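Because the structure is predicted, anything quoted here is derived from the model rather than measured. Remember, it's 1-based here, ligands and their atoms both numbered in the order they're listed. Worth knowing before you read on, the calculation uses all heavy atoms, side chains too, and leaves out hydrogens, waters and symmetry mates.
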Amino acid sequence: MDPKYADSITWVSSYRFHQVVVNAFTDEHHRVLLAGEAAHLFAPFGARGLNSGVPDAVIAVRGIEKALSASSEEERKAAIAASAKERRIAALWNRDGSSTALHHLQGDSREMNMKREIAASLVSVVPSMGRWLDEGPYGPKFGPPELTTKY
Ligand SMILES: Cc1cc2nc3c(=O)[nH]c(=O)nc-3n(C[C@H](O)[C@H](O)[C@H](O)COP(=O)(O)OP(=O)(O)OC[C@H]3O[C@@H](n4cnc5c(N)ncnc54)[C@H](O)[C@@H]3O)c2cc1C
């Protein structure tokens with residue numbers, strides 16, 4: 001950073017990326033539903049964290065609503081289990097999406113370095129290479145194919 005900004009810096013720390021998803025979004029009795037960072041941690045590339053934490057909460061509320069109006073314990077459990085399953089599938093999808101973005105940005109494999117070098121050398125003749133370098137596979141462009149719910 002340019003030294004002229006030194007006075008503006010009030011806090012410096014290191015930040016470790018995690019790419020993790022809980023084994024289950026609910027407990028064995030289906031009394032608890034996890035959402036957001038309590039259920040998954042992703043690298044920020046791809047903007048998957050809050051963008052999946054909010055749908056976790058929305059789907060959890062829908063599941064709880066169904067559970068509250070269930071006419072049997074079995075139905076109640078099924079409502080919570082469905083929410084938990086749906087959001088775990090999405091979490092795995094989002095984890096993989098942020099891994100792809102992380103790899104694009106920070107990956108230092110020979111293949112990735114070669115792709116970057118080729119793209120950079122061809123930018124002046126193939127402008128889309130520049131867009132690929134700049135934008136990469138960031139951002140959720142579509143959801144997991146298994147899900148039918150629209151947000
Ligand atoms: C650098 C960076 C960039 C990011 N960029 C994006 C982005 O572009 N797009 C995107 O979608 N996501 C992004 N994220 C992720 C996003 O910030 C998180 O996914 C989101 O904030 C998680 O919200 P949450 O409510 O689940 O958890 P948190 O925001 O962690 O909230 C949990 C809260 O619980 C409190 N708490 C913890 N323990 C206790 C306790 N025992 N008792 C009471 N309170 C407690 C904490 O203080 C905190 O306030 C980014 C994250 C980082 C770090």
request  = Decide yes or no for P44 and F17: does some side-chain heavy atom of the first lie under 4.5 Å from some side-chain heavy atom of the second?
outcome  =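 Yes, side chains in contact.
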inquiry  = Under a 3.5 Å threshold, yes or no: a donor from one side chain and an acceptor from the other, between N113 and R110?
reply    =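 Their side chains do not contain a donor-acceptor pair, so the 3.5 Å distance test is not met.
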task = State whether the number of non-hydrogen atoms from other residues, nucleotides or ligands found under 6.0 Å of E73 atom CD is greater than 12.
result =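 More than 12 within 6.0 Å, yes.
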inquiry  = I'd like to know whether K115 forms a side chain to side chain contact (heavy atoms under 4.5 Å, CB included) with W132, so could you lay out the CA-CA distance, the side-chain angles of the two residues, the decisive distance to 0.1 Å, and finally the verdict.
reply    = CA-CA 10 Å; K115 278 186 184 173; W132 177 79; 3.9 Å; yes
message = Please output the residues near ligand 1 using a strict heavy-atom distance under 4.0 Å, listed in chain and residue-number order.
response =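 Lining ligand 1: Y15, G36, E37, P44, A47, G49, L50, N51.
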query = What pair of heavy atoms forms the shortest contact from R76 to R31, and how long is it?
reply =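 It is CZ-NH1, 3.6 Å.
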key: Distance, nearest 0.5 Å, that separates CG of L41 from NE2 of H18   =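 Going from the CG atom of L41 to the NE2 atom of H18 covers 6.5 Å.
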